[in-house]
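Have a look at the structure below before the remarks.
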2 protein chains.
Amino acid sequence: MRLTTKGRYAVTAMLDLAIHASGKPTVLADIARRQGISLSYLEQIFAPLRKRALVSSVRGPGGGYRLARAPSAIFIGEVIEAVDEQLEATRCGGGRDCQARGACLTHQLWQDLSDHVRGYLHGVSLLDLVEHQDLRDRVQARSTPVVSGGTRVPLPGRPGLMRIAAGA
Amino acid sequence: MRLTTKGRYAVTAMLDLAIHASGKPTVLADIARRQGISLSYLEQIFAPLRKRALVSSVRGPGGGYRLARAPSAIFIGEVIEAVDEQLEATRCGGGRDCQARGACLTHQLWQDLSDHVRGYLHGVSLLDLVEHQDLRDRVQARSTPVVSGGTRVPLPGRPGLMRIAAGA
DNA sequence: CAATACTTGACTGAAATACTCGGTTATTGT
DNA sequence: ACAATAACCGAGTATTTCAGTCAAGTATTG
């Protein structure tokens, strides 16, 4: 599993979708505006989300995207794995000893860590985030218009690979 | 916390150090040979390890590096954090709402994840890895000479940032 | 049929990482 | 002393990868 800002954007977008769900599909342009993500980039992100049936799309005027399942049944891990495809298969085929001596052991370590992370992210649903959010900015959610292109913050963090962010 | 191949090398090297500890210090050249890491790169990696007092060094002939503490008291998290310094402090100062609406919430998610990962890596000691290893290749450890420059595998995986490696 | 909106894929720029190289300083053994 | 050894240091380079853009294409609806 890889963790990139692309994955973060994907989660953010899905969250946005969950929040603004209202029968009608949501157009990407709105998400782009609200979340400060470029439309083109969003398109690129939504393609794999659709392929993995996390969202469904409706074309033509009045179209847009919808969550394909209930927010409680969509897990962050799925979203990230959909977007940050792992075309990886690290050397050292299978369970054999891939390297001298030490390396393969650490390898096992990373593997375990990976499983941990995956387990964690597969345990958090969109609904969890939405609920958590409601608690946090119940006030703010009312005070700012939901749709308008007010803020338009360019980027949440600075670009580059999302570190398993000790920073904050 | 960042996870790079540099960090992986650091852990591997420390593990090597733990395994070949025998009173006398170990020279980097040996580790380089055994683990297939370039000497120069190892030097670069050991500098911060030394700064953080995870290893101690002895200069001159007969010199080399030693673990500064017992393997049971050195944790992987320390090693990685020593090497992959985080000069990070992500935007969105403090606990404020750093962004529009959605982003800061996911932010909290990443934060939690980060804490998880860190907790995990700070719970694994070098000794844990060493022991685990003994179990795994008790046979192999005898069958191949410990020192000689036999294999010389260039790289464990391919370069690039270490993904939280689903691959294997 | 015309506007809307998704779809696709190639392309680019910038950043970070991975790694090298040359030289210096401290010790030790002869 | 001298020479060999090994840690130490800092600058420098190259590759990779990611983030983001652009342009053209296709399906739907009104």
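Worth saying up front: this structure is predicted, and the values here are computed from it rather than measured.
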Can you name the residues that form a ring-ring contact (aromatic ring centres under 6.0 Å, His included) with B:Tyr41, not counting sequence neighbours?
B:Tyr9

To the nearest Å, give me how far apart NZ (A:Lys24) and P (C:dT4) are.
17 Å

Between atom CZ in B:Phe46 and atom C1' in D:dA6, what is the gap in whole Å?
13 Å

May I ask you to decide whether B:Asp115 forms a salt bridge with B:Arg118, counting only side-chain N to carboxylate O separations under 4.0 Å?
no

Atom-to-atom span, CG of A:Leu39 to P of D:dA23 - whole angstrom
14 Å

Spacing of A:Tyr41 atom OH relative to D:dC18 atom C1', expressed in whole Å:
7 Å

Measuring to OP1 and OP2 of D:dC18, would you say a side-chain N or O of A:Thr4 lies under 4.0 angstrom away?
no

Side chain to side chain donor-acceptor pair (under 3.5 Å) involving B:Ser57 - partner list, sequence neighbours excluded:
B:Arg50

Which atom pairs link the protein and nucleotides 9-13 of chain D when you take only N or O atoms and keep those under 3.5 Å?
| unit_1 | atom_1 | unit_2 | atom_2 | d |
| --- | --- | --- | --- | --- |
| D:dC9 | N4 | B:Glu43 | OE1 | 3.4 |

Just how far, in rounded Å, is P of D:dA6 from OH of B:Tyr65?
13 Å

In short, ring pair (Phe, Tyr, Trp, His ring centres under 6.0 Å) pairs touching residues 46-68 of chain B with sequence neighbours left out are B:Phe46-B:Tyr65

Which salt bridge (charged side-chain N to carboxylate O under 4.0 Å, His left out) pairs, counting each pair once, include a residue from residues 15-29 of chain A, with sequence neighbours left out?
A:Asp16-A:Arg34

Partners of B:Ser72 by side chain to side chain contact (heavy atoms under 4.5 Å, CB included), sequence neighbours excluded?
B:Ala70, B:Leu127

Listed pairs, N/O of protein and of nucleotides 25-30 of chain C, under 3.5 Å:
| unit_1 | atom_1 | unit_2 | atom_2 | d |
| --- | --- | --- | --- | --- |
| C:dT25 | O2 | B:Arg59 | NH2 | 2.8 |

Just jot down the side chain to side chain donor-acceptor pair (under 3.5 Å) partners of A:Arg69, sequence neighbours excluded, or say none.
A:Glu78

Please confirm whether the ring centroid of A:Phe75 lies under 6.0 Å from the ring centroid of A:His122.
no

Starting from P on D:dA7, measure out to CZ on B:Arg66 and report it in whole angstrom.
12 Å

Can you tell me if A:Tyr9 touches the phosphate of D:dG20, counting only side-chain N or O atoms and a distance under 4.0 Å to OP1 or OP2?
yes

Output the rounded distance in Å from CG (A:Leu49) to P (C:dC6).
13 Å

Under the side chain to side chain contact (heavy atoms under 4.5 Å, CB included) test, residues paired with A:Val124 that sit two or more places apart:
A:Ile76, A:Asp128, A:Leu129, B:Leu109

With respect to the phosphate group of D:dT21, does any side-chain polar atom (N or O) of A:Ser38 fall under 4.0 Å of OP1 or OP2?
yes

May I have the distance from A:Arg8 (atom CZ) to D:dA19 (atom P), rounded to whole angstrom?
9 Å

